[in-house]
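Counting from 1, the numbers follow the sequence of the chain as shown. A quick note: this is a predicted structure, and the numbers were derived from the prediction, not measured.
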Amino acid sequence: MTMVKSAIRWTIAVALICYLFCLPRKLFDVPYATVVTDRHGKLLGARIADDGQWRFPPCDTVPRKFERCVIAFEDRYFHYHFGVNPLAVVRVMKQNIKEKRIVGGGSTLTMQMIRLSRGGKRTVREKIIEAILATRIECRYSKSEILAMYASHAPFGGNVVGLDAAAWRYFGHSPKELSWAEAAMLAVLPNAPSMIHVAKNRPALTEKRNRLLRYLHDNGEIDDIDYDLAVSEPLPSEPMPLPQTAPHLVSYFYKHNGGKQIVSSVDKNIQEQVEAILDRWNISFLRNDIRNIAALVIDVSTNEVRAYCGNVDFDSRISSNQVDIIRALRSTGSILKPFLYYVALQEGQILPNTLLPDIPLNINGFVPQNFNMQYEGAVPASGAIARSLNIPSVYLLREYSVPKFYDFLKKAGITTLTQSPSHYGLSLILGGAEATLWDVSFVYSDMARSLQHLERTPGRIVPDDRPEVLPDVFSPGAVWQVFDAIKEVNRPEEIDWRFIPSMQTIAWKTGTSYGFRDAWAIGVTSRYVVGVWVGNANGEGKPELVGGRTAGPVLFDIFNMLPTAPWFNCPESEFVEAPVCRLSGHLKSRFCDEADTATIVPAGLRTGACPYHKHVNLSIDGQYRIYENCIGTGMRIISQNYFVLPPAWEWYYKRHHPEYKALPPFMKGCGEDSHSPMAFIYPQGNAHVYLPKQLDGSDGGITFELAHSRSDVTVFWHIDADYLGATRDFHKYTFHPSRGRHSVTVVDDEGNTLSIGITVE
């Protein structure tokens with residue numbers, strides 16, 4: 001007897017242990033669709049699960065209307081039983097015996113959920129297992145959790161699985177927005193989804209739905225008006241396509257976070273408006289065979305994306321429209337120039353209006369050109385950035401150094417610089433490197449955030465309440481001066497925005513890559529950063545692909561759609577005051593007659609005093625300079641301060657500045673000029689010059705160009721010890737030197753001499 005009792009106890013213990021551990025930890029081992037919503041939970045789009053089913057990731061809760069409908073239809077005692085309803089089992093057994101066939105199984109919703117997870121056949125043995133597991137699952141999960149699992153995995157006809165997918169596929173909205181008629185239809189569909197659905201046995205589906213609605217009405221769940229409206233509501237004719245908003249973003253998440261539901265930082269309202277703007281411009285650009293556009297809108301306050309348009313016409317497969325341009329490597333053109341202007345200001349290399357050279361430049365075969373193919377001799381740094389002049393930017397980068405700028409770009413967030421600084425060289429500032437619209441836009445956002453004293457954080461497409469804090473790379477003072485310069489960039493509109501109070505201030509910069517392959521525009525306000533790229537994803541260039549003409553208008557259309565924002569507050573504590581020469585932009589020297597008190601960053605105090613103002617002695621009529629050794633001989637003189645640029649600068653500068661006064665010549669017999677009136681424009685000293693090939697295969701010639709401060713002078717040309725000839729007015733001379741090292745010397749008719757050495761390759 002004792003052995004029997006012991007065996008019974010062991011049997012009970014084993015059975016209890018088996019019962020406790022009979023339920024799998026993971027009930028559903030199935031693939032899910034990738035679902036992306038906006039920041040408010042609105043569906044942007046989805047990608048089907050790997051098994052070809054529209055099965056959204058499991059939901060946590062079930063909307064009240066569907067809950068009342070499915071419980072009323074499937075399991076009216078759901079909230080009262082422990083997984084198995086004994087009364088229902090007895091009732092069904094009686095019906096089966098009476099009908100001499102199986103007319104029902106008496107399954108509760110819990111048992112049905114277990115059957116969905118196991119996928120077994122409907123046998124008596126399987127039914128017993130379902131009953132056991134159902135009681136066990138009631139111990140692990142709450143009733144609401146069990147109902148949510150059932151709703152997430154129930155079949156709704158065809159390849160539609162789960163309540164969320166069914167609501168979107170049949171009604172085009174989320175389950176939270178279901179009407180009573182819609183909720184009732186979805187409640188009855190899983191009962192026999194292969195036999196009755198929207199495309200098959202529609203009258204039977206309508207009858208089942210209406211019978212359920214009648215039950216709800218009779219039991220006081222819905223009133224007369226709701227009932228009459230519900231039964232009159234037609235069934236959907238066929239499954240609807242899912243939303244296709246931000247498709248490139250959805251594809252990005254599918255690739256990197258497939259099978260999950262992602263709440264993005266995108267605002268669907270802004271996203272749809274930006275997409276509409278891009279679609280309109282796409283129609284216009286297609287006339288010039290420009291097929292792709294991308295745009296990114298960033299909320300400065302959170303550093304989160306509010307609109308992500310990776311391209312246009314996603315469904316088209318003929319123009320690389322499925323390429324996500326936002327994350328694609330593209331030549332930067334001039335879009336990085338404000339960053340160079342920033343570091344030069346911040347480190348005290350220049351002041352905002354320091355004159356930079358704008359003259360022909362040839363550095364070992366690298367010959368940058370301004371977009372307008374003209375030269376102005378010298379331009380203020382702020383104007384060079386605002387007008388996107390290439391040559392001053394190259395000079396500035398050469399002075400700052402490529403490796404230092406390269407390191408700064410990487411620290412600022414340009415992640416695509418995979419080669420060494422020497423690989424890019426000075427072309428780094430003109431598009432010699434590639435970057436992504438994502439990286440560049442977020443660097444501009446970091447600049448804007450620095451002016452609002454916000455911590456630097458990574459750019460985000462998924463909201464994060466506690467983002468990582470990154471080291472600061474931008475200081476508000478220099479950023480303010482950068483934005484102050486680029487807010488003056490001429491806008492695409494014909495009108496002058498400065499005189500229209502309703503138009504908001506926007507700092508913006510364009511970029512055009514070599515060969516007209518990429519057109520960029522980035523704009524900044526205190527609230528938003530907008531980045532736009534226009535071009536062809538396959539890299540095909542078009543003459544019309546200029547940043548200001550294509551990306552610029554798109555940029556301002558987007559800003560006109562967005563809420564306006566006030567301009568940044570000036571960070572006055574970041575500046576000091578200093579006297580600055582009005583003509584040169586340098587700190588005032590003792591010979592500067594015109595100066596202004598300017599606010600500069602403290603590092604600007606380290607810049608040198610103006611080197612272009614000189615104190616000279618003139619004859620009483622002002623026609624000649626008088627050298628010091630002539631003073632004191634009784635000659636009457638006057639003293640005057642002159643603004644004097646280097647000869648090569650002066651040659652071009654005075655064409656654009658008729659007010660510029662060149663130094664008069666020295667009076668004969670009164671010494672020699674320490675200021676050379678000549679400068680070689682091309683080539684420069686110690687240059688390596690490559691001879692072009694003629695059509696017949698012979699070596700071509702080299703055209704030397706010289707600037708002279710006087711327009712009426714004669715210049716005599718020599719190479720090594722040989723005289724070549726003379727020029728007057730325009731000083732260009734072409735000759736055919738042999739390969740090797742040569743010395744070129746020029747002498748003007750006043751005896752001034754200048755020599756340079758070149759190497760002919």
Can you find a side-chain donor-acceptor pair between Thr550 and Glu544 that sits under 3.5 Å? no

Taking atom CG of Asp472 and atom OG of Ser450, what is their separation to the nearest 0.5 Å? 8.0 Å

Among all residues two or more places apart in sequence or in another chain, which pass the side-chain contact (heavy atoms from CB on, under 4.5 Å) test with Pro31? Ala49, Asp50, Asp51, Arg55

For Arg68, check salt bridge (Lys or Arg N to Asp or Glu O under 4.0 Å) against everything at least two apart and list the hits. Glu221

Under a 3.5 Å threshold, yes or no: a donor from one side chain and an acceptor from the other, between Asn292 and Asn311? yes

Euclidean distance, Phe253 CZ relative to Arg47 CZ, rounded to 0.5 Å: 12.0 Å

Are Lys410 and Thr415 side-chain neighbours, meaning at least one heavy-atom pair lies under 4.5 Å? no

Whether the side chain of Asn257 engages the backbone of Lys260 through a donor-acceptor N/O pair (distance < 3.5 Å, no angle test) should be reported. no

Would you say Glu455's side chain and Leu470's backbone share a donor-acceptor pair under 3.5 angstrom? no

I'd like to check the salt bridge (Lys or Arg N to Asp or Glu O under 4.0 Å) partners of Arg449; sequence neighbours left out, ordered by chain and number. none

If every non-hydrogen atom of Phe483 is compared with every non-hydrogen atom of Leu451, which pair is closest and at what distance? CD2-CD1, 3.6 Å

Quiz question: by atom type and distance under 3.5 Å, do the side chains of Gln504 and Thr525 form a donor-acceptor pair? no

So which atom in Pro57 and which in Gly259 form the shortest heavy-atom distance, rounded to 0.1 Å? CG-O, 4.0 Å

Looking at residues at least two apart in the chain, or sitting in another chain, which of them share a side chain to side chain donor-acceptor pair (under 3.5 Å) with Asp289? Arg291, Lys542

For residues 155-170, which residue pairs qualify under side chain to side chain donor-acceptor pair (under 3.5 Å), counting only residues two or more places apart or in two chains? none

Compare every heavy atom of Pro467 with every heavy atom of Thr457, then report the nearest pair and how far apart it is. CG2-CG, 3.9 Å

What verdict does the side-chain hydrogen bond (donor to acceptor under 3.5 Å, both in side chains) test give for Glu434 and Thr332, after you've listed the backbone C-alpha separation in whole Å, the side-chain angles of each residue and the deciding distance to 0.1 Å? CA-CA 6 Å; Glu434 293 179 321; Thr332 56; over 6 Å; no

Thr564 vs Tyr528, side-chain contact (heavy atoms from CB on, under 4.5 Å): CA-CA, chis, key distance, verdict: CA-CA 9 Å; Thr564 59; Tyr528 292 108; over 6 Å; no

Supply the atom-to-atom distance Ser179 OG to Met185 CE, rounded to the nearest 0.5 angstrom. 10.0 Å

If we ignore angles and hydrogens, is there a donor and acceptor under 3.5 Å between the side chains of Asn303 and Ser445? yes

Heavy-atom closest contact (Val440 atom, Ala435 atom, distance): CG2-CB, 3.8 Å

Carefully, step by step, assess Arg306 and Glu304 under the rule salt bridge (charged side-chain N to carboxylate O under 4.0 Å, His left out). CA-CA 6 Å; Arg306 292 290 178 258; Glu304 294 175 349; 3.2 Å; yes

Residues in salt bridge (Lys or Arg N to Asp or Glu O under 4.0 Å) contact with Asp446, at least two apart in sequence or another chain: Arg456

Shortest non-hydrogen contact from Val479 toward Met447: CG1-O, 3.4 Å

When rounded to the nearest 0.5 angstrom, what is the spacing between CD in Glu145 and SG in Cys59? 11.5 Å

Given side chains that start at C-beta, do those of Leu296 and Tyr308 come closer than 4.5 Å, heavy atoms only? yes

Which of these passes side chain to side chain contact (heavy atoms under 4.5 Å, CB included) with Trp508: Ile522, Val532, Leu555, Val530? Leu555

Using the test side chain to side chain donor-acceptor pair (under 3.5 Å), find all partners of Glu207 that sit at least two apart in sequence or belong to another chain. Arg211

Report yes if some heavy atom in the side chain of Phe285 is under 4.5 Å from a heavy atom in the side chain of Leu278; otherwise report no. no

In Å, rounded to the nearest 0.5 Å, how long is the span from CE of Met149 to CG of Leu116? 11.0 Å

Asn282: side-chain contact (heavy atoms from CB on, under 4.5 Å) partners, not counting sequence neighbours: Leu286, Ile293, Val312

Can you name the residues that form a salt bridge (Lys or Arg N to Asp or Glu O under 4.0 Å) with Asp324, not counting sequence neighbours? none

Testing the 3.5 Å rule here: is there a donor-acceptor pair between the side chains of Ser264 and Arg39? no

Ala294 and Gly310 have their tightest heavy-atom pair at CB-O, 3.6 Å

Does Tyr254 have any ring pair (Phe, Tyr, Trp, His ring centres under 6.0 Å) partners at least two apart in sequence or in another chain, and if so, which? none

Taking C-beta and beyond as the side chain, do Asp228 and Ile225 meet within less than 4.5 Å on heavy atoms? no

Ring centroids only, cut at 6.0 angstrom: are Tyr252 and His248 within range, meaning strictly under it? no

Residues in side-chain contact (heavy atoms from CB on, under 4.5 Å) with Met240, at least two apart? none

Could you give all pairs that pass the side chain to side chain donor-acceptor pair (under 3.5 Å) test and reach residues 509-522, with sequence neighbours left out? Arg330-Asp518, Ser388-Lys509, Ser513-Asp518, Asp518-Trp533

Non-hydrogen side-chain atoms of Leu147 and Val70 separated by less than 4.5 Å: yes

Where does the angle between the aromatic ring planes of Tyr32 and His153 fall among parallel (under 30°), tilted (30 to 60°) and perpendicular (over 60°)? perpendicular

Is it the case that the ring center of Tyr444 lies less than 6.0 angstrom away from the ring center of Phe339? yes

Test item: Met113 and Ile146 side chains (from C-beta on) under 4.5 Å apart, heavy atoms: yes

